[in-house]
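To start, the structure itself, in structure tokens.
Letters A, B, ... mirror the listed sequences (proteins, then strands); counts begin at 1.
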Number of protein chains: 2
Amino acid sequence: MANHECVQLVPIFSELEADQLDTIEKIVRHHHYQAGETLFSAADALDQLMIVANGQVKVYQLAANGREQLLYLLQTGDIDGEAALFENQQRTSFAEALVPTDVCSIRREDFQALMQQYPSISIKVLNVFGKRLTQLERQTTSTATESVEARLANYLTETAAALKTDTFKLPIKKKDLATFLGTTPETISRKLTLFEQQGLITQQAGKVIKINDADQLLLTE
Amino acid sequence: MANHECVQLVPIFSELEADQLDTIEKIVRHHHYQAGETLFSAADALDQLMIVANGQVKVYQLAANGREQLLYLLQTGDIDGEAALFENQQRTSFAEALVPTDVCSIRREDFQALMQQYPSISIKVLNVFGKRLTQLERQTTSTATESVEARLANYLTETAAALKTDTFKLPIKKKDLATFLGTTPETISRKLTLFEQQGLITQQAGKVIKINDADQLLLTE
DNA sequence: TTAAAAACTTGACCGGCATCAAGAAATAAA
DNA sequence: TTTATTTCTTGATGCCGGTCAAGTTTTTAA
């Protein structure tokens, strides 16, 4: 089955040899989730490293008032669960498959043994942490200091830049995008309409968006 | 000089022997900053691990619109700069001493050599990352989904809990606290007055606050 | 101790955006 | 396909909290 090769999808194992990857494959567990299914909840013990072998997973938190905050959108090859692997913590987030998803997991002790054996893994994990920290710092600053309009404009230009195209389909539904940007679906609709009226974007059928003027979009305050 | 012992203040070196600490001391550089002085700016190259030997440092970002976001308040023994030590990135944050501060720094290549030599350091750094990620995830969720009132109430109860006392002095000025909580000094003043009118806290001279009803405070929406 | 500067408080105003509601569109199921 | 369900859009309304301003208190400097 294809997802048995999930280990080689993951950048943190990229410097290992084929036979070493085989060793890891043997300690990996495979799971399949349907769209909408919960992978883990905030109360769960945190003793697994999770690898998305195929699919899409949203990781989110719930605030005290019950509102949802989308933190990460995991794609094939992304990992999660490392954050607190090194402390005796509980999870603080929820994870839910957005589409049918294959996941591999490695138990905490197995992963720690791997890090002992292959020091390059630690370095890679530190890289992942660093990137994620940098991203979260930006997100915090952005939600706390910029308008919804500016955050949405940023999201659109960044997504276009990442995909290297000016026409793309929004990868998630507006409700999820809203919780990611710290706003509501209604406001996203309104702002997209506004951008279109300003000629900055064009909305096409099926959540497809074409960016007409990325420079001007970025000037949104 | 006392700050020559900064290395032993730092948890990431806590499992090393005395003679190993001596080795590290030799590669460490010492700096002193006055209150208000800038330690580094966002444009600076990121090639130093920074250790606060004595004092207090605020780490913040500037949004596109010029507004400030306080990310971390570093105390004696805290480190910073590791986030992107493992990628060839530039800094994205600014750091400024809030009081007269002694800082030790270790160059990137020296630190990486240390991690090679003493694997326990990598594990410790992973710990620091994990804690910081968890904290930032909470901060993002909080600023994006909860009211200013709730965020301030949380901050007060958490600070009290951390200091294990119900009467404490706000460690930073309101302007900085405002950028930390994603609000303004005026709103903080108003909300503190509100809490006092509700009997939840008592404000005393010199930014000293006494928490009268932490349970009720946490119920603030 | 006194003077100057910085930080804080309170008031008035108002705009951005959340909320509620109802209809339209798109997606999924039958 | 047709139907049912979910998602999206648009309008009306209200409030949280930001901004500007002026006075007060605290802190710093002389």
Side-chain angles (χ1 to χ4, degrees), chain A residues 34-37 58 63 65-70 96-100 142-153 155 169-197 201-209 220-221, chain B residues 34-37 58 63 65-70 96-100 142-153 155 169-197 201-209 220-221:
Chain A
Q34 301 180 335
E37 206 172 342
K58 75 168 178 181
N65 55 25
R67 290 184 56 181
E68 191 177 315
Q69 170 70 37
L70 177 56
E96 178 187 321
L98 294 179
V99 297
S142 178
T143 52
T145 64
E146 294 182 325
S147 68
V148 170
E149 211 169 311
R151 276 178 269 158
L152 179 59
Y155 174 82
K169 179 177 174 170
L170 290 177
I172 45 178
K173 41 192 162 193
K174 294 223 169 75
K175 177 176 159 290
D176 287 325
L177 181 55
T179 75
F180 182 64
L181 295 176
T183 180
T184 60
E186 293 96 323
T187 298
I188 292 193
S189 271
R190 284 185 244 269
K191 295 302 180 187
L192 286 178
T193 304
L194 176 67
F195 289 157
E196 188 160 38
Q197 287 168 352
I201 68 168
T202 307
Q203 296 190 71
Q204 299 168 9
K207 282 192 283 194
V208 173
I209 288 183
T220 303
E221 288 244 337
Chain B
Q34 300 178 335
E37 207 172 343
K58 74 167 178 181
N65 55 23
R67 288 183 57 179
E68 191 177 315
Q69 172 69 39
L70 177 55
E96 178 187 322
L98 293 178
V99 298
S142 178
T143 52
T145 63
E146 294 182 325
S147 68
V148 170
E149 211 169 309
R151 278 178 268 157
L152 179 58
Y155 173 82
K169 179 177 175 173
L170 290 176
I172 46 179
K173 41 191 163 194
K174 294 222 169 79
K175 175 176 162 291
D176 287 325
L177 181 56
T179 76
F180 182 67
L181 296 177
T183 181
T184 60
E186 293 96 323
T187 298
I188 293 194
S189 272
R190 284 186 245 269
K191 295 302 180 187
L192 286 178
T193 304
L194 177 66
F195 289 157
E196 188 160 38
Q197 287 168 351
I201 68 168
T202 307
Q203 295 189 71
Q204 299 168 9
K207 284 193 282 192
V208 173
I209 287 182
T220 303
E221 288 244 337

Please pick, from D/dG17, C/dT10, C/dC17, the nucleotide with the shortest atom-to-atom distance to any side-chain atom of B/T187. D/dG17

For B/E149, is there an ion pair with B/K191 - N to carboxylate O distance below 4.0 angstrom? yes

Protein-nucleotide distance (A/K191, atom NZ; C/dG16, atom P), rounded to Å: 7 Å

What is the distance from CZ of B/R67 to P of C/dG16, rounded to the nearest Å? 14 Å

Of the non-hydrogen atoms in B/L70 and B/K58, which two are nearest, and what is the gap between them? CD1-CB, 3.6 Å

Mark yes or no for whether A/E196, through its side chain, and A/Q203, through its backbone, hold a donor-acceptor pair below 3.5 Å. yes

Taking atom types as they are modelled, is there a donor-acceptor pair under 3.5 Å from the base of D/dG18 to the side chain of B/R190? no

Starting from P on D/dT27, measure out to CG on B/D176 and report it in whole angstrom. 16 Å

Residue whose nearest DNA chain C nucleotide is more 5′ - A/E149 or A/E186: A/E149

Can you check the A/L181 CG to C/dC17 C1' distance for me, whole Å? 14 Å

Between C/dT19, D/dG18, D/dT7, which one does the side chain of B/T183 approach most closely? D/dG18

Which is true for A/G36 with a 4.0 Å heavy-atom rule: it touches a base, it touches only sugar-phosphate, or it touches nothing? nothing

B/L181 versus B/T187: any side-chain heavy-atom pair under 4.5 Å? no

Name the residue closer to the 5' end of DNA chain C, choosing between A/G206 and A/T184 according to the nucleotide with the nearest heavy atom. A/T184

Using whole Å, what does the distance between atom C1' of nucleotide D/dG17 and atom NZ of B/K174 come to? 17 Å

From NZ of B/K175 over to C1' of D/dG18, roughly how many Å is that when rounded to an integer? 16 Å

From the list C/dC8, D/dC8, D/dG18, which nucleotide is the closest neighbour of the side chain of B/K207? C/dC8

Rounded to the nearest angstrom, tell me the gap between atom CD in A/E221 and atom P in C/dC17. 12 Å

If you check the B/V148 side chain, which of D/dG18, D/dT9, C/dT9 turns out closest? D/dG18

Interatomic distance where CD1 belongs to A/I172 and P belongs to C/dT27 [whole Å]: 16 Å

Flag the pair B/F195 / B/I209 as yes when at least one side-chain heavy-atom distance between them is below 4.5 Å, and no otherwise. no

